[in-house]
Peer 1: 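Let me begin by handing over the structure; questions about it come next.
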Amino acid sequence: MSDASPMPAQALLRVAVDAPQHSGITGPLDYLSEQALAPGSLVRVPLGRRELMGIVWPGESADPTDPALLRPILGALGGLPPLSPHWCQLLEFAAGYYQRTVGELALSVLPPQLRELEGSQLQLRLKKVAKWAAEQAKVPAAEPSVPTLSPAQAEVLAQLDALLLAPAPPPVLLYGVTGSGKTEVYLRAAEHALKAGRQVLVLVPEINLTPQLEARFAERFAGVATVSLHSGLTPAQRLRNWLAAHLGEAKLVLGTRLAVFASMPQLGLIVVDEEHDPSYKQQDGARYSARDLAVYRGHLEKVPVILGSATPSLESWQRANEGRYQRLALPERIGGGAMPRVRLFDMKTLPLTKGVTTALTAPLLDALRLRIARGEQSLIFLNRRGYSPVLHCGECQWKSECPHCSAYRVFHKGDRTLRCHHCGFTERVPHACPSCGNLDIAPLGRGTERLEEQLAEALPGARVARIDADSTKLKGELEAQLNAVHAGEVDILVGTQMITKGHDFRRITFVAAVNPDAALFSSDFRAPERLFALLMQAGGRAGRDAEQAARSEMWVQTWHPEHALYKALHKHDFEAFAASQLAERESAGLPPYSHLALLRAEARTPEAAKAFLDAAARWAQQLPEAQGLLIYPPVPMSVARVANVERMQMLVEAGHRGALQRLLWHWLPELGALKREHKGLLRWAVDVDPLAI
Ligand code: ADP
Ligand code: ZN
Ligand code: ZN
């Protein structure tokens, strides 16, 4: 301490930084600052020889360092209001729950450009946002056409209005069949929250659903500043939209899962549309569930959360059964339209002739011809893209295996390639068998590309279109294709699950699932739940026009028409299906009656991956927190090798969420050291509440 030069008063700051994983830094770090800065302020700090963006974090330092050893911050990003205490709490909870450091998660959910901005650049951006907001407010308020609510919608809305005023509203499960007017309810609830001066956050599962949702909100709320947040934006757009929300200028934020972390100081309502959709779960890095975090955020900020679905996740359904969520129902389609009649077509009734193409059965083709003759549209759903999943040599039994993965490469006829859907490895299709030279190599099985081709052959003159990840790679392609469908330029639309979600097709009266059985026998206990939701969703595309609803039909081709899942589907009986699934889950001790985490290991050899997981399990077993929990033996993942990396996983099961969290908290920090002892291990990761097992 020197008393010669007068030191300015130094404030102690905790700062969350995105430190590299191997640094061993787990919590916020202490720094000195000449100014006291509010928690949530963005600062630049030195770390080692680097300069990083950090967030001043709320709370006291757990283990304060001697101030004489601390380094000063390099500067604060002035002009930006601090992130709110609620935002910091949300991030702290999410980081803890999904086992990441708070700095890593908090900085990764901010727009990347924000980290690179100098103070003067930021001022410029802030000015632009203010200008943008002023322009938004000037949009001439063309009188939107607002439908009169149905009695069921009015009743639901009255309850939501009461919740909007409640001091601590419970989450709402809005259970409404497809076409029952859930979106209209979101619009009204949003309108009421906006009128009360609050911001509204609406989450959708897929990026390709944002444009139509945006259009629907824009039509209703001309003059309300609206932004979207999803991974399809340019870095500049993402920063602008994020700032608009953070400054409270954007009143409506529409987005995909990452938008659950949007900074919204006046948040008043959260809507999670299609809450059962697996896309809400992040599949790498911090494997968070945006749906679950939305519920937590609503609880934290004491604002209503609406989880909407025609086929709620069994987790949400169970919470509604227990009264922890308030269930509101829209049991009927708008206009009293019937749900499409479900026909289970028993494949066993087909004559077993050789060479018959099993997907396009004669009765299915008849049904399609009938729709074409009536000028109606059909949709055929097949959850497999490409031409055929395997190419095969009948002489030597060669198959188009991927040299880097334990999977076959898919034959894409359009560009004559063999493509691995796991690692991306792509080659030209060989003109002869690479193993024996036979010229007659043939596709095995069927993807959307082949189905499209076979349909065109079987129904000459029919206008067939295909929508899947391959046909919509280029920007604007999906929109153009959807527009063609809406304009009636397509008779039969073939596609993957991409076409089953959300789209409000008005002319479709016939939906067929040609090969859905595989999911019945999957080792993943959630496969039936997903199949049921997918088929209900696909069926929901038919007869959305009440006039056509009466003659709309869903066609399911199956070898197992007696299966309970199809029986429930036949009656559109989600509740019976949910009850039977929940009973099965309860007796098997599966979620939502237990809580799971998966520890995953990747290595050059399966032995190395297994050795690490075995050692990790032994470590866990000696912790008192592991008492009463189940740690299963490591098993290879369903596609064990991807890009020459062997992947294994180990399941941990607990009766209570808290018990699982306590074990993870005591156990995972030790795995860094354990990894260093296992040289063959490339990386490990934990997935809390995994969706795919
Ligand atoms: P969901 O989201 O449940 O599938 P939507 O909100 O998309 O249902 O409603 C289905 C269709 O019914 C939409 O075209 C919508 O514009 C229309 N609609 C919704 N509510 C009403 C209403 N009260 N009166 C008339 N039409 C309505
Ligand atoms: Zn061969
Ligand atoms: Zn591969």
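Every number for a ligand or one of its atoms is a count from 1 in the order of the listing.
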Peer 1: Find all atoms of ligand 1 within a distance of less than 4.0 Å from any non-hydrogen atom belonging to L149, and give their numbers and elements.
Peer 2: 23 (N)
Peer 1: Please determine, by modelled atom types, if S309 and H276 share a side-chain donor-acceptor pair under 3.5 angstrom.
Peer 2: yes
Peer 1: Of all the heavy atoms in G176, does at least one lie under 4.0 Å from an atom in ligand 1?
Peer 2: no
Peer 1: Once you restrict to heavy atoms under 4.0 Å, what part of R506 touches ligand 1? Side chain, backbone, both or neither.
Peer 2: side chain
Peer 1: Give the residue, atom name and distance (to 0.1 Å) of the protein heavy atom nearest atom 17 (C) of ligand 1.
Peer 2: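 It is I334 CG2, 4.4 Å.
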Peer 1: Between E553 and R341 (salt bridge meaning N to carboxylate O under 4.0 Å), is one present in this structure?
Peer 2: yes
Peer 1: For atom 6 (O) of ligand 1, tell me which residue out of T148, L187, T178, T183 has the closest non-hydrogen atom.
Peer 2: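 Nearest heavy atom to atom 6 (O) of ligand 1 lies in T183.
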Peer 1: Of the protein's non-hydrogen atoms, which lies at the shortest distance from atom 20 (N) of ligand 1, and what is that distance?
Peer 2: Q153 NE2, 3.0 Å
Peer 1: With a 4.0 Å cut-off on heavy atoms, is R216 in contact with ligand 1?
Peer 2: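 Right, R216 reaches ligand 1.
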Peer 1: Using the benzene-type ring in the case of Trp, are the ring centres of Y387 and H412 under 6.0 Å apart?
Peer 2: no
Peer 1: Taking side chain as C-beta onward, heavy atoms only, is R450 less than 4.5 Å from P443?
Peer 2: yes
Peer 1: Decide yes or no on side chain to side chain contact (heavy atoms under 4.5 Å, CB included) for Q397 and H392, but give the supporting numbers first.
Peer 2: CA-CA 6 Å; Q397 305 310 319; H392 170 245; 3.0 Å; yes
Peer 1: Show which atoms of ligand 1 fall inside a sub-4.0 Å distance from at least one heavy-atom site of E184.
Peer 2: 6 (O), 19 (C), 20 (N)
Peer 1: Using a distance-only test with no angle check, is there a side-chain donor-acceptor pair under 3.5 angstrom linking N321 and R327?
Peer 2: yes
Peer 1: In Å and rounded to the nearest 0.5 Å, what is the CG to CG distance from L391 to L418?
Peer 2: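 Output value for this atom pair is 5.5 Å.
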Peer 1: Salt-bridge test for R220 and E184: reply yes if a basic N is under 4.0 Å from a carboxylate O, no otherwise.
Peer 2: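 Salt bridge present between R220 and E184.
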Peer 1: Decide, counting backbone as well as side-chain atoms, whether C402 has an N, O or S atom less than 2.8 Å from the Zn ion (ligand 3).
Peer 2: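 Yes, within the cut-off.
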Peer 1: Where the Zn ion (ligand 2) is the corner point, what angle links SG of C393 with SG of C436, to 10°?
Peer 2: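 Reported to 10°, the angle equals 110°.
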Peer 1: Who's the nearest protein heavy-atom neighbour of atom 4 (O) of ligand 1, and how far?
Peer 2: G179 N, 2.8 Å
Peer 1: Can you find an N or O of G181 that's nearer than 3.5 Å to an N or O of ligand 1?
Peer 2: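 The answer is yes, given that G181 and ligand 1 share an N or O pair closer than 3.5 Å.
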Peer 1: Regarding C420, does it place an N, O or S atom less than 2.8 Å from the Zn ion (ligand 3)?
Peer 2: yes
Peer 1: For ligand 1, is there an atom lying under 4.0 Å from some heavy atom of R333?
Peer 2: no
Peer 1: Hey, are R291 and D277 close enough for a salt bridge, meaning a charged N less than 4.0 Å from a carboxylate O?
Peer 2: no
Peer 1: Is the CD atom of E479 crowded by more than 12 outside heavy atoms at less than 6.0 Å?
Peer 2: no
Peer 1: Give a yes/no on ligand 1: does V177 have at least one heavy atom closer than 4.0 angstrom to it?
Peer 2: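 Flag set, V177 near ligand 1.
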Peer 1: For atom 25 (C) of ligand 1, state which one of P147, S145, G540 supplies the nearest heavy atom.
Peer 2: P147
Peer 1: With a 6.0 Å cut-off on ring centres, are Y175 and F574 close enough?
Peer 2: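 Yes - the distance between ring centres of Y175 and F574 falls below the 6.0 Å cut-off.
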Peer 1: What's the separation between atom CD1 in I467 and atom OG1 in T500, rounded to the nearest 0.5 Å?
Peer 2: 11.5 Å
Peer 1: To the nearest 10 degrees, could you say what angle the Zn ion (ligand 2) makes with SG of C433 and SG of C396?
Peer 2: 100°
Peer 1: Tell me the contacting part of S180 for ligand 1: side chain, backbone, both, or neither, using a 4.0 Å heavy-atom threshold, strictly below.
Peer 2: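 For S180, the contact with ligand 1 is made by both the backbone and the side chain.
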Peer 1: At what distance, to the nearest 0.5 angstrom, does CG of D524 lie from CD1 of I693?
Peer 2: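 Spacing of CG (D524) from CD1 (I693) equals 6.0 Å.
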Peer 1: What are the atoms of ligand 1, with element, lying closer than 4.0 Å to any heavy atom of S150?
Peer 2: 23 (N)
Peer 1: Which residue holds the protein heavy atom closest to atom 13 (C) of ligand 1, what is that atom called, and what is the gap in Å?
Peer 2: D504 OD2, 3.8 Å
Peer 1: From C405, does some N, O or S atom reach closer than 2.8 Å to the Zn ion (ligand 3)?
Peer 2: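 So C405 counts as coordinating the Zn ion (ligand 3), yes.
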